Protein chains: 2
Amino acid sequence: MANDSNSLLDQLVESLTCLPGVGVKTAQRMAYHLLERDRPRGRKLAAVLAQALENIRHCARCRNFTEHELCKICADANREAHQLCVVENPVEVRLLEANTDFRGRYFVLMGRLSPLDGVGPEELGLPQLEARLQAESVDELILAIGSTVEGDVTAHVLSEMAARHNVRVTRLAQGVPAGGELEYLDSMTLMTAFEGRTEYH
Amino acid sequence: MANDSNSLLDQLVESLTCLPGVGVKTAQRMAYHLLERDRPRGRKLAAVLAQALENIRHCARCRNFTEHELCKICADANREAHQLCVVENPVEVRLLEANTDFRGRYFVLMGRLSPLDGVGPEELGLPQLEARLQAESVDELILAIGSTVEGDVTAHVLSEMAARHNVRVTRLAQGVPAGGELEYLDSMTLMTAFEGRTEYH
């Protein structure tokens, strides 16, 4: 037998392909890199990964990732309760926190409605969100949801839910992105931006 | 404080950036993927990575990666000792084993000469290779080394070493790649292929 079949190296390469976007060739390159040039950081990665998978769970209130019962934002009594911002993924919480002065609370869907992929209201925690609309003093539900087909469907379902509880719904403005030149915009964006034109001060 | 700073999630993202070609955004995507969709394989990766970094070392004879004193190929008494194939990296051993009927032995440089990057003869194990040329009955040193500037320098140094031990040196044929159309070849490849033309049977 010429190759170390099922060797630790093969197992490492195979295991690395569980990372999104990583095929066998990239996994080989990663394995060789860690073994040859960066064992200390590789060991750190192994330890942190094991620890993170063991301890990180969903915040009981907003479903964001956290290693505690409640995430830092939900546990912070100074955040305003009357604005609730719904996002698809934890990364958007991070982006909004870094780039806006929003001081309300979040709800993380962890996806968007896609019945064909088995992602329905339950998977996105919509019953949990509805319970919050019922129990908390929310007066604005902000939909920070991408402008895709599935995002639009999700936004529609959420707006109907909010209507049942007499909560005002807003959605992030859609239009020309900063630095965007009109001639390079797709026609849908151009149309939306034109229809949604606002008073110029 | 709005964000879980230095949270396990942040540490995981930071640790994942030790992988080659992985920046912060990709690391975030990987972390979310493992946490949300693939915890079992993530745990497996953590365990295999720790184990591999602990146990994989260099074969005492050929420098390839192995978890034993000698790799499978060096430990195989049926491999012929008179042909020694020098490659830059472990991945080429794998490729040659899979695609050729070579039955000799290997020596893995783990790089190529690049004095500016601090990679000299010692780093590539050339003294160890020379000891093998001295001690073993090698009569052909096959240079399976890429045709780059540094590869050419490395090949030159190796051929001089072989000459000192009266060992014949060969290098992989250079020319038109399989399926290659002449009009798309770079001029260096075309020139090399033309000069190296062989009898047509």
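Just so we're on the same page: letters track the sequence lines, and every chain starts at 1. What you see is a predicted model; the values in this text were computed from it and never measured.
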field: Neighbour count above 12 (heavy atom, 6.0 Å) for A/H156 NE2
entry: no
task: Please answer whether the main-chain N or O of B/L8 pairs with a side-chain N or O of A/E67 as donor and acceptor at a distance below 3.5 Å.
output: yes
- prompt: Roughly how far apart are B/N64 CG and A/L9 CG, rounded to 0.5 Å?
  reply: 8.0 Å
statement: On a heavy-atom basis, the closest approach of B/T17 and A/R41 is OG1-NH2, 3.4 Å
Which of A/L53, A/L16, A/V48 touches chain B most, by non-hydrogen pairs under 4.5 Å: A/L53
query: Would the number of heavy atoms belonging to other residues, nucleotides or ligands and lying under 6.0 Å from CZ of B/R39 be above 12?
result: yes
- request: Return the minimal non-hydrogen interatomic distance between A/L49 and B/G42, and the atom names on each side.
  value: CD2-O, 3.6 Å
message: Between A/V22 and B/M30, is the side chain to side chain contact (heavy atoms under 4.5 Å, CB included) condition met? List the steps.
response: CA-CA 10 Å; A/V22 175; B/M30 288 175 166; 3.7 Å; yes
task: Any chance you could lay out the side chain to side chain contact (heavy atoms under 4.5 Å, CB included) test for B/N89 and A/Y32, step after step, and finish with the verdict?
output: CA-CA 9 Å; B/N89 294 303; A/Y32 294 145; 5.8 Å; no
- request: Check the pair B/D10, A/R94 against side chain to side chain contact (heavy atoms under 4.5 Å, CB included), reporting the backbone distance first and the verdict last.
  value: CA-CA 11 Å; B/D10 287 337; A/R94 205 181 270 251; 3.0 Å; yes
- prompt: What's the shortest heavy-atom distance between B/C18 and A/L34, and which atoms?
  reply: SG-CD2, 3.9 Å
query: Between A/H58 and B/E36, is a side chain to side chain contact (heavy atoms under 4.5 Å, CB included) present by the stated rule, with each step listed?
result: CA-CA 10 Å; A/H58 293 293; B/E36 192 58 18; 3.1 Å; yes
field: From CG (B/L19) to OG1 (A/T26), nearest 0.5 Å
entry: 10.5 Å
- prompt: So which heavy atom on B/A52 is nearest to which on A/L35, and how close?
  reply: O-CD2, 4.0 Å
field: Proximal component of B/Q11, with respect to chain A [non-hydrogen, under 4.5 Å]
entry: both
Minimum heavy-atom distance B/Q28-A/V91, with the two atoms named: OE1-CG2, 3.2 Å
- request: Please say whether more than 12 non-hydrogen atoms of neighbouring residues, nucleotides or ligands are located less than 6.0 Å from CZ in A/R37.
  value: no
